[in-house]
Amino acid sequence: MGLFSYYEEDSFLHRLNPSIKLLVIFLAVIILTLAPDPYTPGLFLLLTLLALWVVGRVPMRVILRSTWPLVLLTIPFFIFNTLYFDLGKVVQPHIWFHLGPWTVARESAIVGLALSLRILAFIACSLFFVTTTSPTDFALSLIQQAHVPYRFGYAILVAYRFIPLWTEELATIQAAHKVRGVGEHSGWRGMLQQFRRYAIPLLANAIRKSERVAIAMDSKAFGVTSQRTYYRELHICRRDYVFLAITLLTLLAIFYFLGNY
Amino acid sequence: MSLPIIEVSGLSVRYPLRRRPALQDLSFSVAQHETLLILGPSGCGKSTLALTLNGLIPHDIEAEVQGTINVAGVNVAAASVETLTRQVGVVFQDAEAQFCTLRVADEVAFGLENLGVPRSEMDGRIQQALRQVGLAEMAQRSLRRLSGGEKQRLALAAILAMKPAIIILDEPTANLDPAATAAFFRLIAPLRTEHTILIVEHKLDECIHLVDHVLVLTPEGALLAEGAPRAIFQREEAKLQEYGIWIPQVTEWALAMQRAGHPVDPLPLTLPEAAETVQQLRIPVQLPAHTSHQSVTAAVPLAVRIDGLRFTYPKADQPALHDVQLTVPEGSLFALLGPNGSGKSTLASHLIAIHPTVPGKVFVFGQDVSAQAGMTLARLTELVGYVFQNPEHQFVADTVYDELAYSLAVRKEPEEQIARRVSALLFDFHLETLSKANPFTLSQGQKRRLSVATMLAVGQKLLVLDEPTFGQDRRTTERMVARWRQLQQQGVTILFITHDMRLVLAVADAVAVLAAGRVIFHGVPAQLYEREDILQAAHLLPPPLYRLAKMTHPEPLTLIADATRGM
């Protein structure tokens, strides 16, 4: 599997309840959005990746492989925000240098950095969730803790199962069209036509497969009783509360001590 | 006879918006612990029957149902889906599309969860079901890492755990290689004492020994005949042939012996029975084999020469192909065999440069296919036609006509020449009436014919086919083989990937066997059948008739060429 996929391991982070992880991420995102400084997201980012590496036992190369393309993407974001920051709001800007029509000051660089680090922190949160949460646990926890209807939970699982199959099928279709002598298309009309050519066989097969899955599931009594039982039951236990408390306290502490710096 | 567990009377099923019913006035009954085989041509409603028996039709899938069905003492029309799914379990053909979890144990648990089985009972039932199918060691394995055969065994375990009285197997081995097919049916044998089993299957050689009773449906979904297998094959041979329904190969042989005036009684269905027949008749088995006496290494012009090809997929640890050497003589029908994942498709796709190749490795009609050696894709696609397993993947136009004209049009051929070529192809492939149809609306057989025709449009002399008989019934397969012979006479070389040993016995001039990316055999079919070690490594079994000849003749066989009854 490619970037941003589940990394199988049996660590403290992997054993956490997925719904709790989602809740913690949700609260962390709120705090990060409210923090205007670069230190809170920066330190939070470092700590998240460190926790993923040390506590979650996700190898550094897996972490870097997934994050570095996104780090590169935030560089133009940083530059843009720095250049276009409205210095009129600052009373006495510490101007560094002028670049054509733009003025680069310490204050604008800090705002650009804060915004970029905030985005990277969000990315780290999703990486943390995706690499340490098995899709099965995620679906089960949505059903059992978040009380999402179980049909919806299973829809997620089936969709997840099919993603790699679609990727393989797309590669086959591309090869098959190449054999037909269909060249690469340029221009938006060509792209659109190519998209249509790929989409029709993919969709035809997707519809067929999903019908079959639905029939197979219904044949195994899916949805016939109101008292569905679960082979694997997920619970919220002490480690989940500990994780919730530690993460939020750390984040608030960083914000409190460094946020107004 | 014990009491019937399934009683069907006057059953007709019609889907909404269809004029013709899928099933018409069916009446039959199945005794408890009996094994019933349901035969019929493609599209005769076998799968509809399966879904009607477990109540999905009409409780879940909309259809108009007439007549009555009683299953295990309950009336299907009145019973809830819950009651019915407790009684009837179905194993489907498409392994990928019958699972909804990611791990083996979870998949078996799924049905139990739906039925509300207490959690404390689950582990025991899951373990037992997995033991029954030989997957006990794999409970925690990810489904992605299972082979095709393991997936179907898992599908069976998921049903067994639910303990249904009736198990329906809806073409469960269609995607499996010969060894996996045999392994699957070995699991079914001991289940017959506890369950009533309904089998829908094309490959009768592998399962006929399990069958007590046969039901034959007509193409219109009506009942043609029912009875004991021996009586059905004896009485209905002509009809079965007309409908394109396979019968066991040894039975076919015995019927041919009868026609030749030999007294064959009882009609054999299985290999051991046929061996007895041979003993009684004292006539050696003549293999209806197409045999070529040409040696594959003889100095004939070569359509394909592969010389030390290695290939590793990006990001893979293991090479997919190791130093492959292969020659395909011009004008031959060449079979490429091997278990799933052995590199057959990877090897074949090098002939059309789907993967980049270094110069000096792959030659088609003496020309290096490598782009570095100056070969263009346009030139290569004039030499080689490549037919993918799923015809839909290759369709690029909105009508059959445009589909056939496509390769000619991209080559900017003059309009009238395109028209002439397309009408010739439409005629040759029996698609004349469909020239304005959308390719996606064709039947499976028509789609396949169209995909082959598109690959011959610019006069390709090498045709590569990936599993051409997959999902085809006997009639379409026979027609396809006849077309191959025509093409062969026109000088086309055909290389096909297959698991179908009957097809190999019937048509192949030469074969190569791949296992784990290496060519482990390269020669004529008759030599291959002598090599137990190779067959085992490649998950293959010789065709039944060949095994029969072997059982009754200990010495090496000389095959007798007889192309008249090719299949």
Side-chain angles (χ1 to χ4, degrees), chain A residues 1-2 6 8 134-136 139-140 150 154-155 157-158 160-162 164-165 169-183 193-194 196-198 200-202 204-205 208-233, chain B residues 51 54 56 60-61 80-82 85-86 88-90 92 94 96-103 105-106 109-119 122-123 126 142-144 155 158-159 162 349 352 354 377-378 381 384-386 388-390 392-396 406-407 410-411 440 454-455:
Chain A
M1 289 284 284
Y6 176 53
E8 201 168 336
S134 97
T136 308
L140 286 177
Y150 68 83
Y154 273 92
L157 262 189
V158 172
Y160 183 85
R161 238 182 76 69
F162 275 134
L165 299 180
E169 186 165 359
L170 182 63
T172 312
I173 293 172
Q174 280 170 330
H177 285 195
K178 192 177 149 192
V179 170
R180 286 300 306 275
V182 182
Q193 209 169 30
Q194 180 152 329
R196 207 188 121 212
R197 284 206 184 106
Y198 291 158
I200 292 174
L202 265 180
N205 229 351
R208 217 172 282 148
K209 291 253 179 205
S210 20
E211 267 181 352
R212 286 188 198 151
V213 175
I215 289 177
M217 288 170 79
D218 288 347
S219 294
K220 282 187 262 190
F222 187 60
V224 298
T225 57
S226 44
Q227 319 91 334
R228 197 175 190 278
T229 51
Y230 288 90
Y231 175 50
R232 290 209 269 154
E233 280 178 7
Chain B
L51 296 178
N54 80 349
L56 247 59
D60 214 70
I61 303 164
S80 67
V81 176
E82 185 192 350
T85 44
R86 281 179 196 280
V88 185
V90 190
F92 294 94
D94 188 343
E96 283 310 336
Q98 61 186 312
F99 299 143
C100 56
T101 66
L102 305 171
R103 267 171 212 287
D106 293 351
F110 178 72
L112 304 178
E113 297 174 330
N114 292 334
L115 291 178
V117 170
R119 203 167 157 235
M122 284 192 193
D123 259 319
I126 292 168
S142 154
L143 295 190
R144 271 178 72 72
I159 296 302
M162 295 171 76
S349 60
I352 193 80
I354 287 172
L377 190 65
T381 48
V384 188
Y386 193 106
F388 281 70
Q389 204 184 107
N390 181 350
E392 285 182 359
H393 287 159
Q394 282 183 294
F395 294 154
V396 295
Y406 185 83
S407 323
V410 293
R411 286 179 172 75
F440 282 90
T454 59
M455 282 300 149

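In what follows, chains are A, B, ... by sequence order, proteins preceding strands, each numbered from 1.
Both the backbone and the side chain of A:Ala175 come within less than 4.5 Å of a heavy atom of chain B. Both the backbone and the side chain of B:Ile354 come within contact range of chain A, with heavy atoms under 4.5 Å apart. If you measure heavy-atom distances from B:Phe440 to chain A, the contacts under 4.5 Å come from the side chain alone. For B:Glu96, the parts lying under 4.5 angstrom from a heavy atom of chain A are both the backbone and the side chain. If you measure heavy-atom distances from B:Leu112 to chain A, the contacts under 4.5 Å come from the backbone alone. For A:Tyr150, no part sits under 4.5 Å from any heavy atom of chain B, backbone or side chain. Heavy-atom distances place the side chain of B:Thr381, and not its backbone, under 4.5 Å from chain A.
Here the CG atom belonging to B:Asp106 is positioned 7.0 Å from the CG atom belonging to A:Leu140, to the nearest 0.5 angstrom. Atom CZ of B:Phe99 is separated from atom NZ of A:Lys220 by 6.5 Å, given to the nearest 0.5 angstrom. Between the CG atom in B:Asn114 and the CE atom in A:Met217 there is a gap of 7.5 Å [rounded to 0.5 Å]. Residue B:Leu56 holds its CG atom at 5.5 Å from CG of A:Asp218, rounded to the nearest 0.5 Å.
Contacts with chain A were tallied for B:Gln389, B:Arg86, B:Glu82; B:Glu82 has the most, counting heavy-atom pairs under 4.5 Å. Counting heavy-atom pairs under 4.5 Å between each of B:His393, B:Glu113, B:Gln98 and chain A puts B:Glu113 at the top. Chain A forms more heavy-atom pairs under 4.5 Å with one residue of B:Asp123, B:Ile159, B:Val384, B:Leu143 than with any other, namely B:Asp123. Residue with the most contacts toward chain A among B:Thr85, B:Val410, B:Leu115: B:Thr85 (heavy-atom pairs, distance under 4.5 Å). Heavy-atom pairs under 4.5 Å with chain B were tallied for A:Val158, A:Ile215, A:Asn205; the largest tally goes to A:Ile215. Chain A forms more heavy-atom pairs under 4.5 Å with one residue of B:Arg119, B:Glu392, B:Arg103 than with any other, namely B:Arg119. Put simply, of A:Ala139, A:Pro201, A:Pro135, the one with the most heavy-atom pairs under 4.5 Å next to chain B is A:Pro201. Chain B forms more heavy-atom pairs under 4.5 Å with one residue of A:Arg180, A:Glu8, A:Arg232, A:Arg212 than with any other, namely A:Arg180. Most heavy-atom pairs under 4.5 Å with chain A: of the set B:Asn390, B:Val88, B:Leu377, this distinction falls to B:Leu377.
Applying the ring-ring contact (aromatic ring centres under 6.0 Å, His included) rule to A:Tyr231 yields no partners; only residues at least two apart in sequence or on another chain are considered. Taking B:Phe110 as the reference, A:Tyr154, A:Phe222 meet the ring-ring contact (aromatic ring centres under 6.0 Å, His included) condition, with sequence neighbours excluded.
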task: Under the side chain to side chain contact (heavy atoms under 4.5 Å, CB included) rule, what do A:Arg208 and B:Asp94 come out as? Steps first, then yes or no, please.
output: CA-CA 11 Å; A:Arg208 217 172 282 148; B:Asp94 188 343; over 6 Å; no
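Proximity of a side-chain donor or acceptor of A:Arg161 to a complementary backbone N or O of B:Cys100 within less than 3.5 Å is not detected. A donor-acceptor contact shorter than 3.5 Å links the side chain of A:Thr229 to the backbone of B:Val117.
Between B:Met162 and A:Ala221, the shortest heavy-atom distance links the atoms CE-CB, 4.2 Å. The two atoms that bring A:Ala216 and B:Ala97 nearest to each other are CB-O, 4.0 Å, heavy atoms only. Counting all heavy atoms, side chain and backbone alike, A:Ser219 lies closest to B:Leu51 at OG-CD2, 4.3 Å.
Side-chain contact check for B:Met455 versus A:Val179: some heavy-atom pair is nearer than 4.5 Å.
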